[in-house]
Amino acid sequence: MSLSQWIVRLLGPAITAIGVRWFFNYVFEHRFNEFLKNLNEEHVVLQYPRAFFWLGIVGMVFFTFLFIKNELLWLKTCIAFLVIASLYIVWISTVLRVDIFKKQDYFLYRSLFGITYKVYYSDCLYYYFKHDRDELNIVTKNKTYKVDYHFMEGIELVSLLNQHRVIYKVDNKRIGESKNKKSVLYLQKRTKQWNKNRRYKR
């Protein structure tokens, strides 16, 4: 094996790790900036950062190129799965969204199938968090709406759920009681900070 091949093998994982770290730092910085921008906005849109869209596009082009170049069946199968995963990232970052109106008694939820639902807070029975999936689940009489609060800054939605007295339920099946208490305290702290900053901005 030549020296250049050894260098590629050594630097490849390091460059990949740096790229992944940079991507997630960018995403969380973007999410925080969106949070600050939305403090004084009446209409807030919750959706995946635009970086996810471009990540999916780059992944589709790259893995499609690998799919065409490789001839091994098992490798083609693995690469095809990565192409589909990249397409899924593009789809969710384009379609999935939640529109919140801070002076209205409802929010709009657009599902993965592109269907938009008008959800009244009065129809919400309760909400809870699935911490193993980073999901905010809002349960109504007919349907459960899921929001990825890890990447979609949903503190405004939680604050409005609390304002309209929607019950918060602890998901004891998924996590322990101590972790739930920490999550509730963190949520209360973020909500107070959001309300305080909103009053200050006005």
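Heads up: numbering here begins at 1 and tracks the sequence. No hydrogens, no waters, no symmetry mates; every other heavy atom, side chains included, goes into these values.
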Problem set entry | Non-hydrogen side-chain atoms of Phe65 and Ile79 separated by less than 4.5 Å | no
For this session: Identify whether NZ of Lys or CZ of Arg in Lys169 sits under 6.0 Å from the centre of the six-membered ring of Tyr126 and within 45° of that ring's axis.
Result: yes
Exercise. Is there a side-chain contact between Tyr48 and Ile92 (heavy atoms, below 4.5 Å)?
Worked result: yes
Problem set entry | Same cluster (ILVMFWY, side-chain, under 4.5 Å), Tyr120 and Tyr117 | no
Seminar exercise, completed: Distance col, row Arg50:CZ vs Ser93:OG, nearest 0.5 angstrom, shows 6.5 Å
Exercise. When clusters are formed by joining ILVMFWY residues with side-chain heavy atoms under 4.5 Å apart, either directly or through shared neighbours, do Trp91 and Ile57 land in the same one?
Worked result: no
Exercise. For the residue pair Phe107 and Phe101, is the inter-centroid distance of their aromatic rings smaller than 6.0 Å?
Worked result: no
For this session: Measure the shortest side-chain to side-chain distance between Leu46 and Glu156 over non-hydrogen atoms and say whether it is less than 4.5 angstrom.
Result: yes
Problem set entry | 4.5 Å side-chain heavy-atom contact, Cys124 and Val119 | yes
For this session: Could you pull out the closest heavy-atom pair between Glu42 and Lys103, with the gap in Å?
Result: OE2-N, 3.3 Å
Exercise. Atom CG in Asp123, atom NZ in Lys118: separation rounded to 0.5 Å?
Worked result: 11.5 Å
Problem set entry | Joint hydrophobic cluster, Leu108 plus Val158, side-chain heavy atoms closer than 4.5 Å | no
Exercise. Hey, does the side chain of Arg110 reach the backbone of Val95 with a donor-acceptor pair shorter than 3.5 angstrom?
Worked result: yes
Exercise. Do Ile115 and Val147 belong to the same hydrophobic cluster, where Ile, Leu, Val, Met, Phe, Trp and Tyr are linked whenever their side-chain heavy atoms lie under 4.5 Å apart, directly or via other members?
Worked result: yes
For this session: Please report the closest heavy-atom contact between Gly56 and Ser86, naming both atoms and the distance.
Result: O-CB, 3.5 Å
Exercise. So how far is it from Thr77 OG1 to Leu82 CG, rounded to the nearest 0.5 Å?
Worked result: 11.0 Å
Exercise. With distance as the sole test, does Lys76 use its side chain to make a donor-acceptor pair with the main-chain N or O of Phe67 at under 3.5 Å?
Worked result: yes
Exercise. Any side-chain heavy atom of Ile167 within less than 4.5 Å of one from Leu125?
Worked result: no
Exercise. Side-chain heavy atoms under 4.5 angstrom apart, residues restricted to Ile, Leu, Val, Met, Phe, Trp, Tyr: same cluster for Phe53 and Ile89?
Worked result: no
Exercise. Does the side chain of Asp99 reach to within under 4.5 Å of the side chain of His43, using non-hydrogen atoms?
Worked result: yes
Exercise. Hey, would you say the Tyr127 and Tyr168 ring centroids sit under 6.0 Å apart?
Worked result: yes
Exercise. Would a 4.5 Å heavy-atom cut-off, applied to side chains only, mark Lys102 and Val44 as touching?
Worked result: yes
Problem set entry | Tyr109 side chain to Lys146 backbone, donor-acceptor under 3.5 Å | yes
For this session: Before giving the answer on side-chain hydrogen bond (donor to acceptor under 3.5 Å, both in side chains), spell out for His164 and Asp105 the whole-Å C-alpha distance, their side-chain angles and the decisive distance to 0.1 Å.
Result: CA-CA 8 Å; His164 289 86; Asp105 59 348; over 6 Å; no
For this session: Mark yes or no for whether Thr64, through its side chain, and Met60, through its backbone, hold a donor-acceptor pair below 3.5 Å.
Result: yes
Exercise. Mind checking whether Ile100 and Leu160 have side chains closer than 4.5 Å, heavy atoms only?
Worked result: yes
Exercise. Under the side chain to side chain contact (heavy atoms under 4.5 Å, CB included) criterion, do Leu112 and Tyr88 qualify, and how do the steps go?
Worked result: CA-CA 10 Å; Leu112 286 173; Tyr88 176 75; 4.1 Å; yes
Exercise. Hey, what do you get for NZ (Lys130) to CG (Leu136), rounding to the nearest 0.5 Å?
Worked result: 12.0 Å
